There are 2 protein chains.
Amino acid sequence: MARNPTRGMNRRGLLAAAVTLPFLFGPALPFLKPKQAKAQTDPLPSWNDGANKRAITDFVARVTQHGGPDFVPPAERIATFDNDGTLWVEHPMYVQLAFALDRVKALAPMHPEWRDTQPFKAVLEGDMKTLGAAGDHGTAALVMATHAGMTTEEFQKIVTDWLATARDARFKRPYTELSYQPMIELLSYLRANGFKTFIVSGGGVEFMRPWTERVYGVPPEQVIGSSIKTRFQMRDGRPEIFRLPEMNFVDDKAGKPVGINEFIGRRPIAAFGNSDGDLEMLQWTTMSECVRLGLIVHHTDAEREYAYDRDTSFGRLDKALDAAPLNHWLVVDMKNDWKKIFAFE
Amino acid sequence: MARNPTRGMNRRGLLAAAVTLPFLFGPALPFLKPKQAKAQTDPLPSWNDGANKRAITDFVARVTQHGGPDFVPPAERIATFDNDGTLWVEHPMYVQLAFALDRVKALAPMHPEWRDTQPFKAVLEGDMKTLGAAGDHGTAALVMATHAGMTTEEFQKIVTDWLATARDARFKRPYTELSYQPMIELLSYLRANGFKTFIVSGGGVEFMRPWTERVYGVPPEQVIGSSIKTRFQMRDGRPEIFRLPEMNFVDDKAGKPVGINEFIGRRPIAAFGNSDGDLEMLQWTTMSECVRLGLIVHHTDAEREYAYDRDTSFGRLDKALDAAPLNHWLVVDMKNDWKKIFAFE
């Protein structure tokens, strides 16, 4: 038996053996080249082979090995992903900011006073310098004017309609197509290995929920994000939830572990980010006695996407980049680690 | 064919026909009585047959019937359950209040000042009348003194240790055994039909999460409740989440639909409660054009459990009881609808 491992196999078994034991057949079966066989089973085909890809698959193998020292039961396989810059593009500005600017323009006819009020005036005049100088206070004013004052169902429709028509200026594509193919593969790979995948983003939770299931396979109840306050009310005998112009929760920096605890109630075993906004989430996830995975997406590819880290207003990566080697976090080099960035390439 | 429905069936098919068409065989096959066949498949064995049980199974049949007019895809089959008085006992007081009182006694040696400070003095002296008169303000003081000032991991251990040893005075049982068997069957039945079951309780979320998976099959990330604020911090190089003496979210009354929207981001299609604290959740769930299920557990069995509704401090059911017939919510009569209340009976 040992000398003839194919004895007793049917045709399907022979094909499987040809795939797993290609050295036995080699050139005799040119239609089953090892490369092809590998492409069929590689769960991360858009990732180049290398230390980072290997570290990911090694981690998954360890925590899913029944009886192994690092085994984690499926219920505890919680993985958290930042969104902007980790799962989709965040340059030249956060997509949600592009949405807010478009909404200001769309609503301007109903707000003649905006022509003389900052930061609305700057938005309407395309004066990005003044807008940038308005800082967090200015951004908050834009968010409240465009994200509050309607029901949750109305807001969901506004977001869905906008995403259906808005196009990124550089790629001329819907923003949802600017999601990173290697990360979508990673989400699927983790789920196929019993993980529950969550988004934990500084972005608005109700801006993400209408499309995360379709784009990332992450259902609304597994999306955690920043939020404004809401109020339950009856209007004309119908119940509704109304969005109020007041911050409720900022899911960024130290707010991320707080949000994870509040919404999930378990500590993740793997976390994925790309900026200093993810530092505390990575610390909370990985600073443990057990095997954990922390990963930072480093934007290094100006040609296919963008190149930035310490010096940017959107997705600044500075402290977390310094903390990565000390904490054994993987730093993914988009240019060298990813064969493909977008599905449409 | 129509005249002989059993033609072409194998033995197994014949047996199935005997079960589904008992009138054809009747006394000829006494070993396959309809009653036996039914008992084996009844997903709600602790529920007496009747209009309420039938309405529940009819609802589930309708929303799960592929191609039917009321079909709801599995991803949207969200069911929300109140906890106190709906899934477990809330008399003579909420279990969490019993926990807080025990904690005050346990912590009293470190707080000599409590001997002269209300409401702590009343707790230590067993003076329930004074304690009751202290109202919400007094309760809040007890909660902050016993639920804050430690990490989330420490609090989880305190709750787990307490539940392992504390016993209800009347039933002499651990509180987790005072969960309602018919409701546990209902949770399982819904999950078996593709529903995702959530707890939406006025109780503290971190008081529930340590045991809801074991007792109800509901994992921590599907438990929504009231919460106090927390802070992420590093202590001796280790990350932790520290519980602060300040309310964060009150998941009761109009807070329930707000919490459902914030944590789940979808509108439930079925909701289960027992008090006025669940009124808005029931409205938000059922006031829809589509087929929805609202259910109120009515405490009518003083012998096996407790009997109360409009006139009680814990689980007052008044407005929601009046609203039930107008909204076609089922009102479960515990005495007559439930064969068994607790598993240990």
Side-chain angles (χ1 to χ4, degrees), chain A residues 74-76 78 151-153 156 196 198 205-206 208-210 212-213 217 219-225 227-234 237-244 248-249 253-268 279-289, chain B residues 74-76 78 151-153 156 196 198 205-206 208-210 212-213 217 219-225 227-234 237-244 248-249 253-268 279-289:
Chain A
E76 292 169 25
I78 303 288
T151 69
T152 51
E153 283 177 11
Q156 183 177 334
K196 203 163 179 177
F198 287 82
V205 67
E206 299 210 43
M208 296 182 283
R209 281 177 168 160
T212 54
E213 186 149 33
E221 62 269 25
Q222 285 161 226
V223 180
I224 303 168
S227 58
I228 58 176
K229 287 197 185 296
T230 63
R231 180 179 63 216
F232 174 80
Q233 62 189 28
M234 299 291 291
R238 292 170 60 92
E240 62 182 28
I241 292 176
F242 195 77
R243 294 169 59 78
L244 304 171
N248 178 56
F249 178 58
K253 299 190 164 67
K256 289 205 176 191
V258 165
I260 288 168
N261 182 66
E262 189 173 337
F263 283 73
I264 307 177
R266 300 196 213 245
R267 211 163 149 179
L279 176 65
E280 289 85 352
M281 173 171 76
L282 286 159
Q283 290 174 326
W284 176 236
T285 301
T286 64
M287 296 177 84
S288 154
E289 313 293 306
Chain B
E76 292 168 26
I78 303 289
T151 70
T152 50
E153 283 177 13
Q156 184 177 333
K196 203 162 178 178
F198 287 82
V205 66
E206 299 210 42
M208 296 183 283
R209 281 178 169 158
T212 54
E213 188 149 32
E221 62 270 25
Q222 286 163 224
V223 181
I224 303 168
S227 59
I228 57 176
K229 287 196 184 297
T230 62
R231 180 178 63 217
F232 174 80
Q233 62 189 29
M234 300 291 291
R238 292 170 60 91
E240 62 184 28
I241 292 177
F242 195 78
R243 293 169 60 78
L244 304 171
N248 179 57
F249 178 58
K253 298 190 166 67
K256 290 204 174 191
V258 165
I260 288 168
N261 182 65
E262 188 173 338
F263 283 73
I264 306 177
R266 299 197 215 243
R267 209 163 151 181
L279 176 64
E280 289 84 352
M281 173 171 77
L282 286 160
Q283 290 173 325
W284 176 236
T285 302
T286 64
M287 295 176 85
S288 153
E289 311 295 304

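Just so we're on the same page: letters track the sequence lines, and every chain starts at 1. Since the structure is predicted, the reported quantities are computational estimates derived from the model, not experimental observations.
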A:R266/B:E213 salt bridge by N-O under 4.0 Å criterion: yes
Electrostatic pair B:R238-A:E289, nearest N-O below 4.0 angstrom: yes
B:R231 side chain to B:F242 backbone, donor-acceptor under 3.5 Å: no
Side chain, backbone, both or neither: which part of [X] has a heavy atom under 4.5 Å from chain A?
X	result
B:F198	side chain
B:T152	side chain
B:Q222	side chain
B:K196	side chain
B:E76	neither

Interface residue of largest heavy-atom contact number with chain A, from B:E262, B:Q283, B:E280, under 4.5 Å: B:E262
For chain A, the option from B:M234, B:K256, B:M287, B:R209 that forms the most heavy-atom pairs under 4.5 Å: B:R209
Heavy-atom pair with the smallest gap, counting every atom of B:T285 and B:S288: O-CB, 4.4 Å
Verdict with supporting geometry, A:E206 and B:N261, side chain to side chain contact (heavy atoms under 4.5 Å, CB included): CA-CA 9 Å; A:E206 299 210 43; B:N261 182 65; 2.9 Å; yes
Which portion of A:Q233 sits near chain B, non-hydrogen atoms under 4.5 angstrom: neither
Geometric class of the A:F263/B:F263 ring pair [parallel <30°, tilted 30-60°, perpendicular >60°]: parallel
